[in-house]
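Nothing here was measured: the structure is a model prediction, and the numbers come from that model.
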Amino acid sequence: MDLVGSRQHRALQSREASIKAMPNIEITEECRALIESAIEPPTGRRLPNGNWLIPINEITLERLQQMRLRGETISDCIIRVMIVTLHKHGLQ
């Protein structure tokens, strides 16, 4: 491999190392339905227990974790935040 090829290879490896897979969260059918009615259907797959596994970016996940109340599921948190937001900004 020549010098230019070697640099390009190292740059590609560096970019690949910095790219992370989006984390997934498990949400209830009710939570998914609320998201779908307010925004759009989230991507994801239905699990055998009826819940949904959906990808979410890390920043959004961190924010949700900060807003979660003690004992609250991630679905409960999303539903609570969406209801408050829709109430503040008017129903669509």
Side-chain angles (χ1 to χ4, degrees):
M1 187 180 294
D2 65 0
L3 185 59
V4 173
S6 178
R7 270 192 233 136
Q8 290 173 337
H9 180 71
R10 281 194 306 271
L12 180 59
Q13 283 179 324
S14 176
R15 273 192 300 255
E16 288 173 349
S18 67
I19 296 173
K20 295 180 183 177
M22 288 178 69
N24 289 308
I25 59 170
E26 185 174 333
I27 61 171
T28 62
E29 174 62 32
E30 295 81 8
C31 182
R32 185 193 169 286
L34 181 59
I35 294 169
E36 182 176 6
S37 72
I39 306 169
E40 62 183 41
T43 58
R45 66 182 175 89
R46 191 174 184 109
L47 300 172
N49 66 1
N51 288 344
W52 289 82
L53 193 63
I54 62 166
I56 186 169
N57 72 48
E58 284 188 44
I59 294 169
T60 303
L61 180 57
E62 287 174 20
R63 296 270 319 231
L64 284 169
Q65 295 292 11
Q66 291 169 358
M67 290 186 282
R68 272 173 85 176
L69 303 175
R70 175 175 272 158
E72 189 175 51
T73 67
I74 199 75
S75 288
D76 293 338
C77 179
I78 292 169
I79 291 168
R80 179 176 51 81
V81 168
M82 288 189 69
I83 289 171
V84 168
T85 302
L86 289 171
H87 180 71
K88 281 185 177 179
H89 300 288
L91 297 174
Q92 300 168 348

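- In the hydrophobic clustering of this structure, Val84 does not group with Ile35; members are Ile, Leu, Val, Met, Phe, Trp, Tyr whose side-chain heavy atoms approach within less than 4.5 Å, directly or through other members.
- Thr28 places no side-chain N or O within donor-acceptor distance of the main-chain N or O of Ser75, the cut-off being under 3.5 Å.
- Glu26 pairs with exactly one of Ile54, Thr73, Asn49 by the side chain to side chain contact (heavy atoms under 4.5 Å, CB included) rule, that one being Asn49.
- Residue Leu61 holds its CG atom at 6.0 Å from CD1 of Ile74, rounded to the nearest 0.5 Å.
- Rounding to the nearest 0.5 angstrom, the gap separating the CD1 atom in Ile56 from the CZ atom in Arg63 is 11.5 Å.
- Glu72 meets the salt bridge (Lys or Arg N to Asp or Glu O under 4.0 Å) test with Arg80; sequence neighbours excluded.
- Ile59 belongs to no hydrophobic cluster with other residues, because no ILVMFWY side-chain heavy atom falls under 4.5 Å from its own, directly or through intermediates.
- Put simply, the residue from Ile27, Ile78, Asn51 that forms a side chain to side chain contact (heavy atoms under 4.5 Å, CB included) with Arg32 is Ile27.
- The minimum heavy-atom distance linking Trp52 with Glu29 is given by the pair NE1-OE1, 2.5 Å.
- Rounding to the nearest 0.5 Å places CD of Glu58 at 12.0 Å from CD of Gln65.
- For Thr85, the side chain to side chain contact (heavy atoms under 4.5 Å, CB included) partners are Val81, His89, not counting sequence neighbours.
- When all heavy atoms of Met82 and Ile39 are compared, the pair lying nearest together is CE-CD1, 4.4 Å.
- For the atom pair Ile25 CD1 and Cys31 SG, the distance stands at 7.0 Å (nearest 0.5 Å).
- Annotation: the span from Thr43 atom OG1 to Leu53 atom CG amounts to 10.0 Å, rounded to 0.5 Å.
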